[in-house]
Structures are given as structure tokens and as C-alpha cells.
Protein chains: 2
Amino acid sequence: MNKSDIKNAGLKITLPRVKILTKLESSDKRHWSAEELYQELISDGEIISLATVYRVLTQFEHANIVLRHHFDNDSTQSVFELNNTEHHDHMVSIKTGKVVEFYDEDIEKRQKLVAKKYKFKIQDHSLVLYGEFEDE
Amino acid sequence: MNKSDIKNAGLKITLPRVKILTKLESSDKRHWSAEELYQELISDGEIISLATVYRVLTQFEHANIVLRHHFDNDSTQSVFELNNTEHHDHMVSIKTGKVVEFYDEDIEKRQKLVAKKYKFKIQDHSLVLYGEFEDE
DNA sequence: CTACGTGCAAACGGTTTGCAATTCC
DNA sequence: GGAATTGCAAACCGTTTGCACGTAG
């Protein structure tokens with residue numbers, strides 16, 4: 001529920017923050033670069049600066065409201081997604097940039113096993129498959 | 001064997017290229033940023049420019065002599081590794097930056113299964129575990 | 001000899017930041 | 001009113017590039 005997330009993060013409820021969070025929550029698109037989000041808001045007629053989009057997304061990241069990914073495939077941009085679903089990994093089309101989320105219990109389990117074997121405490125992980133979908 | 005790799009890539013055998021490849025082949029360290037490699041060569045007394053290190057590493061990447069990774073954890077730098085071993089994934093310490101390679105047959109298999117399920121043709125994948133080793 | 005490679009310094013692109021003006025509570 | 005936030009433009013940092021000079025074959 002929108003505004004309380006912002007407040008819970010210890011942040012003031014400002015127009016830019018509400019606009020960004022609302023856009024993330026209301027859009028079908030789940031994966032955004034800062035630039036894309038900025039452009040979308042601008043074309044919605046909102047008045048906001050790219051610097052603020054970056055600042056807010058970084059704050060949201062620290063508050064665990066969004067996740068930041070690096071699909072370093074085509075570009076070096078960060079990609080942000082609302083952190084409102086179960087953990088998942090990603091398949092990224094190198095052709096169209098399309099992103100699909102997936103989850104595989106076995107992969108998760110095996111990762112934990114590997115970590116154990118190496119006496120490694122996993123704090124996070126990133127798994128991205130790059131390729132193409134048959135229908136594109 | 002060193003020089004023929006360079007030649008096979010359609011590249012002239014120049015001093016900078018030989019120095020870089022030799023360093024990669026002779027060092028225990030397997031994962032290098034361009035800057036680290038540059039500094040190491042400089043402190044070896046070599047004369048080379050950072051731009052050349054970048055150019056050569058990019059050429060080597062295209063020739064499949066090295067692999068480029070993005071352990072986007074601590075920084076946004078590319079990390080390069082000599083492509084002279086079997087495929088593997090990485091565990092990266094968020095504390096020390098230490099990188100350990102691992103391979104898990106099951107994870108590879110499950111990735112292929114997931115891809116099949118989504119009618120996705122995997123061309124590449126990146127799996128990185130971030131955390132800490134017990135002994136650091 | 002000449003095509004290819006290099007060093008330098010300047011440009012690049014995504015992101016961050018200092019500062020003065022504005023907004024939230 | 002005062003602390004937090006914003007917009008702007010400039011800085012930043014890793015990487016790339018144009019160009020004049022150097023070097024491999």
C-alpha cells in the first residue's frame with residue numbers, strides 16, 4: 001500500500017516519490033531503467049528530473065521497495081523492479097530486451113549446497129539467462 | 001600457447017598483446033579488472049597505456065581468449081578472466097572481493113529445462129553468488 | 001612500405017553530487 | 001520554521017575514440 005511504504009522507509013511522502021511508486025505499481029511493465037521511468041513520467045505530463053528518479057530509486061532500493069538488476073547484456077544501465085513478488089531469476093532476450101521471470105526450486109537448493117561445500121554464506125545471488133524466445 | 005592464440009584471432013603479435021596474455025597466463029590471479037592489469041604491468045616496469053589494455057582485452061574477448069564478467073557488486077568495472085578452463089560460475093565475497101569458481105551439473109541441467117519450458121534458446125548465462133567465506 | 005596498433009587526451013554514457021530554491025510536516 | 005527534498009548543471013568514473021605517431025610483417 002503505496003504511501004506507507006515510503007513512510008516506513010523513513011522518507012517524506014513527496015510528489016516525486018509517490019509518482020514513481022504509483023507508476024511502478026500500476027504498470028504492466030515490471031522492469032524499468034531510470035531513463036525509461038523518467039521518460040514515461042514526463043510523457044504522462046509529470047514534472048520531475050532524471051536526478052530525482054535516480055535518487056528515489058536508490059532510496060527505494062535501500063528500503064527494499066525495489067530491486068536493482070544489471071542485465072549487462074546490451075547496455076550498462078541499471079534495471080529496477082518493484083519488490084512485491086517472491087524471489088525469482090530472469091531470462092533476458094538479447095534480441096528484444098524482453099525479460100521473463102522464473103523460479104526453480106532445484107536451482108535454489110543446489111546453490112545452497114554449493115555454498116555449504118565452500119563454506120560460503122550466500123547473501124544474494126544473481127542468475128540471468130541470455131538468449132532468444134522462439135516467438136520473436 | 002601464447003602467441004598463436006593472438007595470431008589465430010587475426011591480430012598482429014605486438015608487445016602489449018603479448019605482455020597482457022603472458023600476465024594472464026602466468027599469474028595465479030585469475031580475475032582482473034582492466035585497471036588492475038594495467039597497474040600490475042606498470043609496476044612490472046612495462047610501458048603500456050590503459051586505453052591499450054582496454055582495447056586488447058576487448059579484442060581478446062571477441063576472440064574468446066578471455067571472458068568478461070560484471071560482478072556488479074562493489075563496482076561497475078568489468079572483470080576479465082582467461083578462457084582456458086571449463087565453464088563455471090562464480091562466488092564473490094562482498095567483504096574481500098575474493099572470487100571462487102564452481103561448477104554444478106544440476107544447475108546447468110535445470111537451466112536448460114527452464115529454458116525449454118519457456119521456449120527460450122539460451123546463448124549465455126551468468127550466475128553469481130554474493131556473500132562471505134567463513135574464513136575471512 | 002603500409003596496414004595495423006598504440007599513446008594521449010578528449011569524449012562518452014550512465015549515474016551521482018553541490019548548491020540554491022522549494023516542499024513537506 | 002526548519003529539516004528534508006528537489007532541479008539544475010557540473011562532476012564523476014569506467015570505458016571508448018579520433019588522431020598523429022610508431023611498429024610488425
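So you know, we letter chains A, B, ... as the sequences are listed, proteins then strands, and number each from 1.
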Selection from [options] that lies nearest to any side-chain heavy atom of [X]:
X	options	result
B:R55	C:dT15, D:dT5, C:dC8	C:dC8
B:L11	C:dC8, C:dG5, C:dT16	C:dG5
B:A51	C:dC8, D:dT6, D:dT15	C:dC8

For [X] and [N], give me the distance from atom [atom1] to atom [atom2], rounded to whole Å.
X	N	atom1	atom2	answer
B:K7	C:dC4	NZ	P	15 Å
B:Q39	D:dG14	CD	P	12 Å
B:F71	D:dG14	CZ	C1'	17 Å
A:E36	C:dT15	CD	C1'	16 Å
B:I48	C:dG5	CD1	P	14 Å
B:L50	D:dC13	CG	P	14 Å
A:W32	C:dG14	CH2	P	17 Å
A:Y54	D:dG7	OH	P	15 Å

Open item on the list: Quick one: does any side-chain atom of A:D124 pair with a main-chain N or O of B:Y130 as donor and acceptor, under 3.5 Å?
Closed with: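 Pair absent, no side-chain N/O of A:D124 close to backbone of B:Y130.
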
Task: Nearest-nucleotide comparison on DNA chain D, the residue closer to the 5′ end among B:F80 and B:K12 - done: B:F80

TODO: On DNA chain D, check which nucleotide each of B:I13 and B:Q77 is closest to and give me the residue with the more 5' one.
DONE: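 So the residue in question is B:Q77.
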
TODO: Could you check whether the rings of B:H87 and B:Y103 sit parallel, tilted or perpendicular, using 30° and 60° as the cut-offs?
DONE: perpendicular

- [ ] Kindly calculate the angle separating the two end axes of the helix from C:dC1-D:dG25 to C:dC25-D:dG1, each obtained from five base pairs, and round it to 10 degrees.
- [x]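 Comparing the axis at each end, I get an angle of 30°.
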
Open item on the list: Does D:dA24 have OP1 or OP2 under 4.0 Å away from a side-chain N or O of B:R17?
Closed with: no

- [ ] Looking at every strand, decide which applies to A:S33 at a 4.0 Å heavy-atom threshold: base, sugar-phosphate, or nothing.
- [x] nothing

Open item on the list: Need one value for A:I47: base, sugar-phosphate or nothing, where a base atom within 4.0 Å counts as base even if backbone is also close, heavy atoms only.
Closed with: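 Here A:I47 touches the backbone only, sparing every base.
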
